[in-house]
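Every chain is numbered from 1, with letters handed out A, B, ... down the list of sequences.
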Amino acid sequence: MIQLNGISKSYGNVSALRGIDLFIKEGEFIAILGPSGCGKTTLLKLLAGFMKPTKGTMTMNGTIVASVDNVLPPEKRNIGMVFQSFALWPHMTVYEHVQFPLIHHSFAPKVDKKWRDERVKQVLRMVGLESFAQRYPHELSGGQKQRVSLARAIAPEPNLLLMDEPLSALDAELRMELRKEIQQIHKQTNASIVYVTHDQSEAFAMADRIVVMNRGNIEQIDRPEIIFSRPKTEFVATFVGKCNFVKGLWKDGRFIPNQFPNERWPDSGVSSHFKKRGLYPVRPDQWSLKKAKDGSGQGIIKFVQYQGKEIHYIVQVGEKEWTVHEQIQSSTYLQEGDSVHFVFKNKVRNQEAIVI
Amino acid sequence: MFFISKQTKEITGRRSSFSRFYQWQKIWMILGLFLIIIFFVSPIIRLFLLSFMEQNTFSLSHYSQILSEEKTWVTVKNTLYIVSGSTVISLIVGITLAWVMAYLNIGGKKWIQLFIFLPFIIPSYITTLAWIQLFSENGPVASILEIFPGDWKLPNLYSMTGIIVILGLSHYPLVYLLSVELFRKIPIELEHAAQICGAKKGKIMYKVVLPLAIPGISSGGILAFLSNLDNFGIPAILGIPANIRVLSTYIYEEVVGFGPASFSRAAVLSILLGGIAFIGLLIQWLLLRKSRVIETVNRVTEPRIQLSSMKKRFIEIIIWSFLLLTSFVPFLSMGMTSLIKAYGLPFHLENLSFKNYEYILFTDSKTISALTNSLKLALLTTVVSLIIGTTIAYIRYKLPNKWTKLVELLITIPYALPGTVFALSMIFTWMQPIPGWNPGIYGSIWILIIAYITRFLVLQVRGSYTALTQIESSIEEAARTSGAKFFVKWRKILMPLLLPGVISGALLVFLTSLTELTVSSLLWSTGAETVGVVIFNFEQAGYTLYSTAFSSLIVLAILLLGIFLIFFEKIWRRKVLKQVDSA
């Protein structure tokens, strides 16, 4: 159970975090998602205890661990951490890496050597490295190195696991494989996980809740499917959903787009933030395109990008460029320069929308 | 509110001693800064003030007197002439070698590099003695010249040219070191781009490579300039007998001359010399500020130009002849001289013996006591610098702010100052640390201890800092999140990783203090002679055989230490850090 109350951190005049409030439940998997420089790494370092907040307090299991005056250092917290660069110690074997926190970690059970040996082997088995115990870091591949880092972090059974972009230094295939292992470890350990990443597919795949950050602020905290389908701010809508913002008028819970005054779009949970601004965020997959005859369409296709399962169209509409993603099988191939109509997919469910 | 304050107390009670250290951070920083100002800054201020003092009142009389003497201006002219001449030699040799090493596919680069670095660890006064023996009446050059017909004259080293050449050859490694890194950092893509745009090879060199290399080359040049200005051994050994003065030897002559106003006169001359050095430092600082542009680029270590095997052989022969001629043959002839029974005898088997070594090791107690003194001084300086220097480096690394930057700048001052100027400021400061109270530091070995630590501390700070920057911060963070407290973290993680870098910094401090001459020549007293002082005095008194024998011993000891370090580092990297040899 971790509670952050109005945590701010600034370096001189630059503020990295501005008043962060966050509650992490026991055993919860939280992903912190944001572009580089959004403050996510600073937040993780504060959670670890490497630095002091300039404002606010942090509580772990009922004890204040960080405030403006005091900070409980990392070696006194019940945490484990996995680093982007693995941070393995070049002069120690895999076995010694896992054993190290068992000897030194303040919260690791104080037990005899035999039990410790058992535990090291057990943890190495969990990450599939039992036959590599006597290897040194330079004798391991990237994926194996990150498994050692993972084993070292979970060995003392901390109740908070911090992960700083643990997969971003690995290639695509390994990333997929290790995702499963991290999920497996989450199930087995019962620890809360705070997982920092800039890769949204990682966040969506593993997290119970996602914290989207931008410029030192939290933009939205929600379950992955809510973040995706009901973004609260422009930033979340573009960063996560790659949304197009359509201007128009909100009236009686329905939306009248300026560009298509004859249509009425239903309210599928659009946040009040957008309603106030007269906007409707449309994800590229919420539209499909229909070829218009003799250039009478609403827009003209500017670029076509073939993506395998999908085709991405960038369409010029007035002064704006909107993006539309179409499934390959559902569309006839459109060409650059084609004049097209937009079909809003959600509209179909609401027959009345077309009538007027 | 009550709840929070109660909880906060709870953490305070459990805090480790080190986090309490953080709490006291401000007090420690202020105390540290205060000590640094006393030890590193106040001597310079005292020196400056004393140059204006006449009978305890402010006066410009020393300035007006010295500036009106013709001898002063001759000395300044000599200094500038000698320093610029030797800097040009350092630049030409350093840049050429750097370019060849960075660009051409010649073999044995590791060995070449080792030979280039020799002048770094062998003190210049010993090098000078070696050169004198090479060109002496009975030396190898003379006997080679005898073979040729005609009347060949031996070059006279006791001259302006002699001083310039030997200074230049002693300090080209500085230029080499800075430019070779720079040449390697110039992205090869830039050259390819120029090639694609149609530029010929010569044009690429002139339009692309040189403009990018100029910041590094010129800051290497300034460094060589400062070292030439600072050097005392070479102009003292070669210049004093020939009546050629430079500022550093003139200050020395004033101080040891013990005239009525000699200290004040020396102070004024020091301000002159310090002023010239300061201008050099200023130019260097300006250049370094501009040279940040290509710092981030990856180094290219493979040769960029592949020569045909004929050309390659040819260049290798030239380089090795140069290196052997400048870094090996002089020392060989010095070793040969040291074995001759009586000075002036030719090098024949029947004239050889270990008599000179016997004398310096067993008969003359001065050499052994100097050796013991220097060893003690070097050890003490090394240990103190190791602890204080590594601590400062660690704080500088952990808190990269303007205060720690200031600290780094302040402790660089004593090292950046010319040695004679620094030594004089030490006399002024420690003769009477508090005006009116003379604890006898000046006149004992203590002033040497203080001076060495003050002057060489920065070498350890740099060495340890470099070692620290090689370690990614997450390595230390991983130790802490694994629960390692301060001492465990240092003993188990940081020390093993830092040791090779820290030790090579410490060895540099050790070697530099062991063979130091400039500072000790002004601060030594009877019973507190150092190796450098004894060799210098032997040479001044004409005991060439003893000075060469002692010097040969020191050179051997230095080489042994160097070899030891290379092996230690190799073994440590393989056995402890488990690194595979990359070369």
Would you indicate whether [X], at its atom [atom1], is surrounded by more than 12 heavy atoms from other residues, nucleotides or ligands within a distance under 6.0 Å?
{"X": "A:K55", "atom1": "NZ", "value": "no"}
{"X": "B:W403", "atom1": "CH2", "value": "no"}
{"X": "B:W111", "atom1": "CH2", "value": "no"}
{"X": "A:E26", "atom1": "CD", "value": "no"}

- request: Measure distances from A:L102 to the heavy atoms of chain B and classify the residue's part below 4.5 Å as side chain, backbone, both or neither.
  value: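 Nothing of A:L102, per the 4.5 Å heavy-atom cut-off to chain B.
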field: Nearest heavy-atom neighbours spanning B:T481 and A:H105
entry: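 Nearest pair, atom of B:T481 first, then A:H105: O-CD2, 3.6 Å.
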- prompt: If you take all heavy atoms of A:L88 and B:I475, which pair is closest and at what distance?
  reply: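 Looking at all heavy atoms of both residues, the shortest contact is O-CD1, 2.9 Å.
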task: Please report the C-alpha distance between A:H104 and B:K492 in whole Å, then the side-chain angles of each, then the deciding distance to 0.1 Å, and finally whether the side-chain contact (heavy atoms from CB on, under 4.5 Å) criterion is met.
output: CA-CA 11 Å; A:H104 300 290; B:K492 293 257 175 94; 3.6 Å; yes
query: Side chains of A:F100 and B:V488: closer than 4.5 Å at any heavy-atom pair?
result: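 Yes; the side chains approach each other to less than 4.5 Å.
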pair B:K485-A:S106: side-chain heavy atoms closer than 4.5 Å: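 A side-chain contact exists here, since the closest heavy-atom pair is under 4.5 Å.
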Contact class of B:L497 relative to chain A, heavy atoms under 4.5 angstrom: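 Just its side chain gets close to chain A.
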- prompt: Where on B:E472 is there a heavy atom nearer than 4.5 Å to chain A: the side chain, the backbone, both, or neither?
  reply: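 Side chain only.
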Show me the donor-acceptor pairs, under 3.5 Å and distance only, between side chains in residues 29-42 of chain A and residues at least two apart or in other chains.
| unit_1 | atom_1 | unit_2 | atom_2 | d |
| --- | --- | --- | --- | --- |
| A:K40 | NZ | A:G34 | O | 3.1 |
| A:K40 | NZ | A:P35 | O | 3.4 |

query: Are A:E75 and B:K489 ion-paired here, with the side-chain N under 4.0 Å from a carboxylate O?
result: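 B:K489 and A:E75: not salt-bridged.
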- prompt: Atom CD in A:Q99, atom OG in B:S482: separation rounded to 0.5 Å?
  reply: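 If we round to the nearest 0.5 Å, A:Q99:CD and B:S482:OG are 12.0 Å apart.
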message: Please check: side-chain N/O of A:W89 versus main-chain N/O of B:I493, any donor-acceptor pairing under 3.5 Å?
response: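 No, because the side chain of A:W89 does not come within donor-acceptor range (under 3.5 Å) of the backbone of B:I493.
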Going by atom type alone, with no hydrogens or angles, which donor-acceptor pairs under 3.5 Å involve a side-chain atom of residues 143-155 of chain A and a protein atom two or more places apart or on another chain?
| unit_1 | atom_1 | unit_2 | atom_2 | d |
| --- | --- | --- | --- | --- |
| A:Q144 | OE1 | A:S141 | N | 2.8 |
| A:Q144 | OE1 | A:S141 | OG | 3.3 |
| A:Q146 | OE1 | A:S149 | OG | 3.2 |
| A:Q146 | NE2 | A:F83 | O | 2.9 |
| A:Q146 | NE2 | A:P166 | O | 2.7 |
| A:R147 | NE | A:V127 | O | 3.4 |
| A:R147 | NE | A:E181 | OE1 | 3.2 |
| A:R147 | NE | A:E181 | OE2 | 3.2 |
| A:R147 | NH2 | A:E177 | OE2 | 3.0 |
| A:R147 | NH2 | A:E181 | OE2 | 3.0 |
| A:S149 | OG | A:F86 | O | 3.3 |
| A:R152 | NH1 | A:A87 | O | 3.0 |
| A:R152 | NH2 | A:F86 | O | 3.2 |
| A:R152 | NH2 | A:A87 | O | 2.9 |

